[in-house]
Amino acid sequence: MSASFHERIERSLSDADLQAALDANADKRIAVRQQAFASIPDYQQRRQRAHDVRSEVIQNLDEYLAAFLRRVAENGIMVHRAANAAQAVQIVLEIARQKHARLIAKSKTMVSEEINLNHALEAQGLRVVETDLGEFIIQLRGEPPSHIITPAVHLRRAQVGETFHEKLGMPYTDSIPEMTQAARQTLRQIFLSADIGLSGVNFGVVESGALCLLTNEGNGRMVTTVPDVHIALMGIERLVPTLDDLALMLSLLPRSATGQKMTVYASLIHSPRQPGEVDGPRVRHLIVVDNGRNALRQTPLAEILYCIRCGACLNACPVFREIGGHAYVGKRGENSTYPGPVGSVLSPALFGQAEFAHLARASSLCGACREACPVDIDLPRLLLRVRAGGVNLGADQAPASAPGFLKQGLRVFGWAAVAPWRYRLAQRLAGFFSRLVSPFSPWLRLPAFTGWGFSKDFPRPAIKPFSDWMSHREKTSGDSTVQSAAKATLTPFSPDAAHQDEQFPLHAAVQQVDLVTTFKRELEALDGVFTVCQLDELGERLLALLRERNIEHILAWEQDDLPDGLLAYLIQHGIRCSHQPNADLQAGLTGALAGVAETATLLLPAGRGKPLTASLLPPLHMAVLRAEHIYPHLQAALKLPEVRLASSLAMISGPSRTADIEMTLTLGVHGPKEVHVFCVLTPASESASKMNHP
Amino acid sequence: MSDEVQLFITCLLDTLYPHVGQAVVRVLERAGVKVKFPPGQTCCGQPAFNAGMRLEARKMAIHTIEVFESAPGPVVVPSGSCAAMIRHSYAELFAGDEHWLPRAQTLAGRTYELTEFLVDVLQVTELGARFPGPVTYHASCHLLRELGVSRQPRALLAAVKDVFPAPDGSEQPLRFVELPRVEECCGFGGVFSVEYPQISAAMLQRKIENIEQTVAQTIVVCDAGCMTHINGGLHRKRKPQRVVHIAEVLDSGGKSR
C-alpha cells in the first residue's frame, strides 16, 4: 500500500467539486457510449475482430513496425526510433535546435506525458503550448491530465473561469462559449506563429505508412498543417495492418471515447508538403517510442498493448468514478500517466511493479472495464496478474503485492482451508469467540482499522456451520432425501452455451437506405447544414450564403477540383477567391473526394490547388460534394486510390467541437464553427463517367 | 447423467449463513434432484487468488478439485463469484500446468451456479414459493459478467407468488421493482473492501442510495459476498432493508413437502 495513494483517495472523496464532476462524467459518458453503439448492431463481432487485429500486430510487432517505418520513410517523413523516454526527448530537442525553434504548438499526446516532454523542452527555454482545450486549461493550472480523453474532466466551469481570469487576464465568466472563444483567439495566434507543431498518432497504418490522428476541436489538424515543421510522437505498438483495419478501429474508438460515431477530424498523413502545394509542413518527423513496450510483449501483461486509448474503461470504472485520475499515484506520489483500469496495468507494466502495483489492488474486479473495452482486453485478468507479480508472474517466488496483514491472514486461512479438520475447528472458534464479542446481536461491529469496520458491520459466524447440519442430515436420512415431486431429468448442458447472448442480425442497414438522406440526417445531427442542389444552381446557392454573411473574399480550392465554371461565376459576382493560406478570411470553399453517409464524413485530400487550410482556418467551411461520391462506410471510401496518393487527407465530420469543460458541447473551437455541405446531383449520364473520380 | 448433484456450499455460506445452505438443499430437492455434500470441502481459493497470492490459491484450488473429483455429477454452487472462480479463474491459476489444468477444466465443465442449474439444466422455474413483495434484484458482478447469468434468477423470481393476495383474493405474482443502476458494483471485491475501505464505502453508499430509491424492502442476490457487504452497510446505517439469498426466497412459504 502506498501512503500517498491513500491520501489522494481521501482527498478525492472529500472534494465536492470533484465528486460532482466525476459523477457527471460517468453518467454522461456511459449513456452516450451505449447510445453510439446502438447504431452498430454487430458491435460484438467488430469488437472481436478488433481484438484479433491488435493481437496479430502485437505478436508480430517487429515485422509490422519495420514495414511501417519503411513506408513512412519512403513517403518522405523523417523517421526516428527512441528506445526510452530520454532518447525521445533528445530527438525532439535536436529537431527544435536545428530549426532554431522558440514556440511549439502541441496537440494532445499521451506519449509526451509519459516521457515528460513539456518539462524537458521548457528547461531548454522553449515555449510549449498545449492546444487541446482541456490540456490548455490544465497547462494554465500547472496540473497533469486527469483523464486520457478529457484531461480537465475534474474541473467545474467556475474553476475554469477563475483560471482564465487569472492567467489570460480576461474578465471572469462562467460562460462556456465565451471561455471557448477566448481559448480560440489565444491559440489561433499560437498556431500561426509556432515554429513546430507536435502531435501524437492514434494509429499508424502499415500498408500505406499513414499516420492517423483524431481530434474534435481541430487543433490536431492545426499543428499538423500550419507550422513549418511537424513532429509526430507515437508508441511503437499503435499500428493497424491495413486501411480496412483502420476503418474498423475508427468505428469503435470515437464511439467508445466520446459517444460520437466519428471524430470531427481524422487526418491521414502520408508525407510533407509536396511541390505545388501551398500549405502543410515542409518537414515531417515521426518519433516512435519504445519505452518498455517491446519488453512488455514477452510478459503476461502483453495484452495491455492492445489498448487503443479510448478511455472507456475509465468512464465505466466505479473506482475511477470515486477517486478521479489525479488520485492514481505511485509509491512516492509520482503521477501515473495513465489512470483508471488501463493505467493500473500499464503503469506497473511500463514504469515499475514496485512503484505502481498497488494501483491494481484498488479494484473490486467488477469487470465493467472489460465490458466497456472496444478491443475486449481482459482487464480484470491483467489486474489480477499485476497483483500476483505483474511482469514477473510465473517466476517461482513472484512476491504478492498484498499488504502484510492481509498476507498473514490469508496464509493462515489457506493453511486451515487445505485441511478440513483445521477448517472446521477454525469455524467453531470463530462462532465461539464472536459470541464473546457480540453476545446479544447477530452483527459484529468491527473497528475502522480493520477496513471492513470502516463502513459496515459483519455478520456473526454461525455456532454450527451449514456443513454440520448437512453431514448430520445425510447420515440420518440416508438416500431418502430425493423428492418425487417435480422430478426433472438432467440434460446435457455446456456452460458456454448459456454464456452466449442472443445473436444480433448482421448489420445491413445502411446499404439499403438512401445514402444522401443518411448523410443529411447525420450531418444535421452534428449541427452541420446540408443542401441538395442541381449543378446549375450551385453558384447561386453559394453566392446567396456569402452575401447573407457579407463575405466578399474567400479561401478556395482552385477551379480544377471544383465543378466547372464555379469560381468564374463567383468572381463574376464580386467574390474574391484566394488560394493561399490566410487566417483573416471568413469562408473557405472546397470540393470533396468522397463522403461517408454513416458518419457524415467528408474526405478532403491535400494536393496541388487544394489548400488544406481552406477547410480549417475560416469560421465557415463550404464543401461541394457530388451525390455519387457518397459511400455507405468509411471502409469503402478509404479504398479510393486518391486516399493513398494524397500527401495527407482530412476526414471531417461536422463543425469543430469540444466538450472539455463540464462535457458541454461547444462548436467552433479551432476549426470552422459552421460546415455547409452542398450536395450536387449530377445527371446520370455524366455521373457514370465520373464514378472513379473528381 | 444421474439425478444427483454435488453441493459446494462455499466458505461464506457455510460459516455465516447455514440457514441459506439449508434453503439451497430444500430448493434443489424440490426441483427433483438428490443433494450430496462431499465432506472435506472448504474454500475455492478466491480470496488468495484476488489478493495475488497464487501459491496459496493453488493449494486451496487443488484441495477443492480433489474433494469434488471423488464425487460424480454436476457441482452446484449457490454463489456466483465462487462458481466463476472455478469456471474461469482456475484455468488462469493452472495455466501451463499439465497435471492440474485438465483436472481443473474437468471440474469447471461440470460446475454450475445455482440459478443457472435450476433454469438451464433442470429447466425448472416454478417452485411453488411465496414471498412478501416488493423485492428488487442486485446483479452481482461475477455472476453477470463472468458467467453471463442474469435472466435465470429473474425467471425464477417471476414465478414466485406474493404472500399477499390481490384485492379480489386471488393469487398474484411477487411484486418486483427494478433497482436503478442494477449492474453497478456494490464495492465488495473481496480483499479490496479491506484494503481500500474508503473507496469501497463510497461505492456501497451509492448502492444503498439506489436501493432507497425503490420501494423494495428486500434485495435478492445470488452471491454470498455481495449479500454480506450490502447487508453490513445497511445494518451499520440502521436501514430497514435487507439482502436475502435467492434460495431463501425460493424456499419460502413453499408447498408443504
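Predicted model, so just to flag it, every value in this text is computed and none were measured. So that the names make sense, note that chain A is the first sequence line, chain B the second, and so on, each numbered from 1.
- For B/Gln22, the parts sitting under 4.5 Å from any heavy atom of chain A are the backbone and the side chain alike.
- Ring geometry for A/Trp452 against B/His229 counts as perpendicular: the plane angle is over 60°, on a 0 to 90° scale with 30° as the lower cut.
- Heavy atoms of A/Ile9 lying under 4.5 Å from chain B belong exclusively to its side chain.
- Each of A/Leu383, A/Leu444, A/Leu406 has some count of heavy-atom pairs under 4.5 Å with chain B, and the biggest count is that of A/Leu406.
- The parts of B/His235 that come within reach of chain A are both its backbone and its side chain, each placing non-hydrogen atoms under 4.5 angstrom from that chain.
- You'll find the side chain of B/Val194 stays beyond 4.5 Å of the side chain of A/Thr450, heavy atoms only.
- Using a 4.5 Å heavy-atom cutoff, the side chains of B/Met60 and A/Phe413 are in contact.
- Nearest heavy atom pair, residue B/Ile199 against residue A/Ala362, reads CD1-CB, 4.4 Å.
- Counting all heavy atoms, side chain and backbone alike, B/Ser193 lies closest to A/Lys456 at CB-NZ, 4.1 Å.
- Within the 4.5 Å cutoff, side-chain heavy atoms of B/His63 are placed close to those of A/Pro420.
- Using cut-offs of 30° and 60° for the angle between ring planes, the B/Tyr196 and A/Phe5 rings count as perpendicular.
- Highest contact tally toward chain B, considering only A/Arg445, A/Arg411, A/Glu10, is held by A/Arg445 [criterion: heavy-atom pairs under 4.5 Å].
- Side-chain contact between A/Met470 and B/Val25 is present, with at least one heavy-atom pair separated by less than 4.5 Å.
- Your options are B/Thr64, B/Asn231, B/Val20, and the one with the most heavy-atom pairs under 4.5 Å with chain A is B/Asn231.
- Residues B/Leu16 and A/Pro459 approach most closely at CD2-O, 3.6 Å, considering heavy atoms.
- Between chain A and the residues B/Cys185, B/Gly187, B/Ser89, the most heavy-atom pairs under 4.5 angstrom are made by B/Cys185.
- The shortest distance between side-chain heavy atoms of B/Arg54 and A/Arg387 does not fall below 4.5 Å.
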Report task. Using the side chain to side chain contact (heavy atoms under 4.5 Å, CB included) rule, take A/Leu365 and B/Arg145 through it: C-alpha gap first, then chi angles, then the decisive distance, then the call. Result -> CA-CA 10 Å; A/Leu365 303 171; B/Arg145 300 200 179 88; over 6 Å; no

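- Using a 4.5 Å cut-off between heavy atoms, B/Glu184 contacts chain A through its side chain alone, with no backbone atom that close.
- With salt bridges taken as basic N to acidic carboxylate O contacts below 4.0 Å, one links A/Arg473 and B/Glu29.
- Note: A/Arg321 leads A/Lys464, A/Arg370, A/Arg321, A/Arg381 in heavy-atom pairs under 4.5 Å with chain B.
- With a threshold of 4.5 angstrom between heavy atoms, A/Ile30 does not approach chain B through any atom at all.
- Nearest heavy atoms, A/Gly451 versus B/Pro197: O-CB, 3.3 Å.
- Proximity to chain B is absent for every atom of A/Asp378, based on heavy atoms less than 4.5 angstrom apart.
- Residue contact with chain B, scored on non-hydrogen atoms closer than 4.5 Å, involves the backbone of A/Arg460 exclusively.
- Heavy atoms of B/Pro47 lying under 4.5 Å from chain A belong to its backbone as well as its side chain.
- Interface remark: B/Cys186 contributes no atoms to any contact with chain A (heavy atom separation under 4.5 Å).
- Nearest heavy atoms, B/Thr42 versus A/Ala417: OG1-O, 2.6 Å.
- In this structure, B/Arg206 pairs ionically with A/Glu322, as a charged nitrogen and a carboxylate oxygen lie closer than 4.0 Å.
- Heavy atoms of A/Ser363 lying under 4.5 Å from chain B belong exclusively to its backbone.
- Side chain of A/Glu474 to main chain of B/Phe37: a donor-acceptor pair is present (N/O by atom type, distance under 3.5 Å, no hydrogens or angles).
- The choice from B/Met53, B/His142, B/Glu66, B/Glu56 that makes the most heavy-atom pairs within less than 4.5 Å of chain A is B/Met53.
- At least one side-chain heavy atom of B/Met203 sits less than 4.5 Å from a side-chain heavy atom of A/Val319.
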Report task. Take B/Gln198 and A/His6 through the side chain to side chain contact (heavy atoms under 4.5 Å, CB included) test and state the conclusion after the steps. Result -> CA-CA 9 Å; B/Gln198 295 92 340; A/His6 277 269; 4.2 Å; yes

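- For A/Ser467, the parts sitting under 4.5 Å from any heavy atom of chain B are the backbone and the side chain alike.
- Under a 4.0 Å N-O distance rule, the pair A/Asp457/B/Arg238 does not qualify as a salt bridge.
- Side-chain contact check for A/Phe466 versus B/Leu7: some heavy-atom pair is nearer than 4.5 Å.
- Annotation: maximal heavy-atom pairing with chain B below 4.5 Å, among A/Ser455, A/Ser434, A/Ser471, occurs at A/Ser455.
- Contact check for B/Phe49 versus A/Leu410: no side-chain heavy atoms found under the 4.5 Å cut-off.
- Looking at B/Ile9, only its side chain comes within 4.5 Å of chain A, counting heavy atoms on both sides.
- When heavy atoms are compared at a cutoff of 4.5 Å, A/Ile323 approaches chain B solely by way of its side chain, counted from C-beta outward.
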